[in-house]
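Worksheet: the structure to be examined is printed underneath.
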Amino acid sequence: MSVLEVEGLAKSFGGVQAVRNVAFTLDAGELLALIGPNGAGKTTCFNLLNGQLQPDAGEVRLAGTSLIGKSPRKIWRLGVGRTFQITATYRSMSVRENVQMVLLSHHRRMLGFWRRAADLYRDEATALLERVGMAGQAERPCSVLAYGDLKRVELAMALASRPRLLLMDEPTAGMAPKERIELMALTADLVRESGIAVLFTEHDMDVVFTHAHRIIVLNRGEMIAAGPPDAVRGDPRVQEVYLGSGAMFGQGKDKDSAA
């Protein structure tokens, strides 16, 4: 059984159909990229999957359980994690404390006056930080971290809830080229190790074509192509959409105009 099944997903805002008849599956241990020009419907699709928006039509199932009508928190509890384009950390708290806060929520831990939150799940938080290469900065406040390091902390926070599905909305946005490569290589390693299913959007086409097992291309809310990277790269409709925005695939350049 697939981790994620999406069938006939649709969403309109007034007269604008942001997502129309989107359908795909995603298996455990798979990295699936969702790409398209600006306004293609990528973020709307993400928001439909984790409950921030409710679809006008269609079905979303996580391991056979329908997510339609459920709140983002309930969907998170069922095993859907998410990272965002702009990092969401508590800046005044330490790196380890940020991860501990997620662990406290995941374990439904109620605190009493006799036990500090900072004393709970320290080892588990440290282990997660080691996985993303941030254990050496565990005591530093997030306010002083470089942006690339904040992205790693956010990834550790997402992993703290032990998701079956991880949604990564432009995970390398705002990062330097070297940081982009390192973060996505780390994500690919984690997928192999843990079997998490990952759906991600991305600006950098080199990142997409290097790491994605499969690619879905949206244009004006519709799927125009889906398949392995080589097949998508050679698809005439995809070439038309991206060449029209000035983007080229596989040329070793940043493709910020293409997503």
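These numbers come from a predicted model, not from an experiment.
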Please check if [X] and [Y] belong to a single hydrophobic cluster, counting links between Ile, Leu, Val, Met, Phe, Trp and Tyr side chain heavy atoms closer than 4.5 Å.
X: Met168; Y: Leu165; value: no
X: Phe46; Y: Ile35; value: no
X: Met93; Y: Val132; value: yes
X: Leu167; Y: Leu78; value: yes
X: Leu190; Y: Val102; value: yes

Do [X] and [Y] have side chains that get closer than 4.5 Å, going by heavy atoms?
X: Leu199; Y: Phe24; value: yes
X: Pro55; Y: Lys11; value: no
X: Tyr121; Y: Thr126; value: no
X: Leu103; Y: Leu128; value: yes
X: Ser194; Y: Arg131; value: yes
X: Ile216; Y: Val232; value: no
X: Leu26; Y: Ser2; value: no
X: Asp230; Y: Phe209; value: no

Nearest atoms (heavy-atom pairs only) where [X] meets [Y]:
X: Ile196; Y: Pro163; answer: CG1-O, 3.6 Å
X: Val22; Y: Cys45; answer: CG1-SG, 4.4 Å
X: His211; Y: Met184; answer: CD2-CB, 3.5 Å
X: Met175; Y: Gly148; answer: CE-CA, 3.8 Å
X: Val95; Y: Leu129; answer: CG1-CD2, 3.4 Å
X: Gln100; Y: Ala125; answer: CG-CB, 3.8 Å

Assess the side chains of [X] and [Y]: does a donor N or O sit below 3.5 Å from an acceptor N or O?
X: Arg73; Y: Ser105; value: yes
X: Gln137; Y: Asp149; value: yes
X: Asn47; Y: Arg82; value: yes
X: Glu59; Y: Ser66; value: yes

- Query: Around Arg214, counting heavy atoms of other residues, nucleotides and ligands shown, do more than 12 lie under 6.0 Å from its CZ?
  - Reply: yes

- Query: Is it true that Arg162 and Glu124 have a side-chain N and a carboxylate O under 4.0 angstrom from each other?
  - Reply: yes

- Item | Electrostatic pair Arg152:Glu182 at N-O distance under 4.0 angstrom | yes

Interatomic distance, [X] atom [atom1] to [Y] atom [atom2] [nearest 0.5 angstrom]:
X: Cys142; Y: Glu97; atom1: SG; atom2: CD; value: 9.0 Å
X: Leu49; Y: Ile75; atom1: CG; atom2: CD1; value: 8.5 Å
X: Thr201; Y: Asp169; atom1: OG1; atom2: CG; value: 4.0 Å
X: Leu53; Y: Leu48; atom1: CG; atom2: CG; value: 5.5 Å
X: Asn98; Y: Met157; atom1: CG; atom2: CE; value: 4.5 Å
X: Leu218; Y: Ile224; atom1: CG; atom2: CD1; value: 8.5 Å

- Message: Run Glu7 and Arg61 through salt bridge (charged side-chain N to carboxylate O under 4.0 Å, His left out) and show every step you take.
- Response: CA-CA 9 Å; Glu7 298 176 355; Arg61 289 187 293 271; 2.5 Å; yes

- Query: Should Thr172 and Glu202 be marked as a side-chain hydrogen bond (donor to acceptor under 3.5 Å, both in side chains) after you check the CA-CA gap, both sets of side-chain angles, and the distance that decides it?
  - Reply: CA-CA 7 Å; Thr172 71; Glu202 182 53 57; 2.6 Å; yes

Do [X] side-chain atoms and [Y] backbone N/O form a donor-acceptor pair below 3.5 Å?
X: Gln54; Y: Gly69; result: yes
X: His213; Y: Glu30; result: no
X: Lys42; Y: Phe200; result: no
X: Asp56; Y: Ser12; result: yes
X: Ser161; Y: Ala158; result: yes
X: Lys151; Y: Leu183; result: no

- Residues Leu155, Leu186; criterion side chain to side chain contact (heavy atoms under 4.5 Å, CB included); working and verdict: CA-CA 10 Å; Leu155 179 57; Leu186 171 63; 4.0 Å; yes

- Output, in order, the C-alpha distance, side-chain angles, deciding distance and verdict of side chain to side chain contact (heavy atoms under 4.5 Å, CB included) for Ile215 and Leu32. CA-CA 6 Å; Ile215 300 170; Leu32 176 60; 5.8 Å; no

- Message: For Leu4, run the side-chain contact (heavy atoms from CB on, under 4.5 Å) check against Thr25, Val60, Asp27, Val80 and tell me which one passes.
- Response: Val60

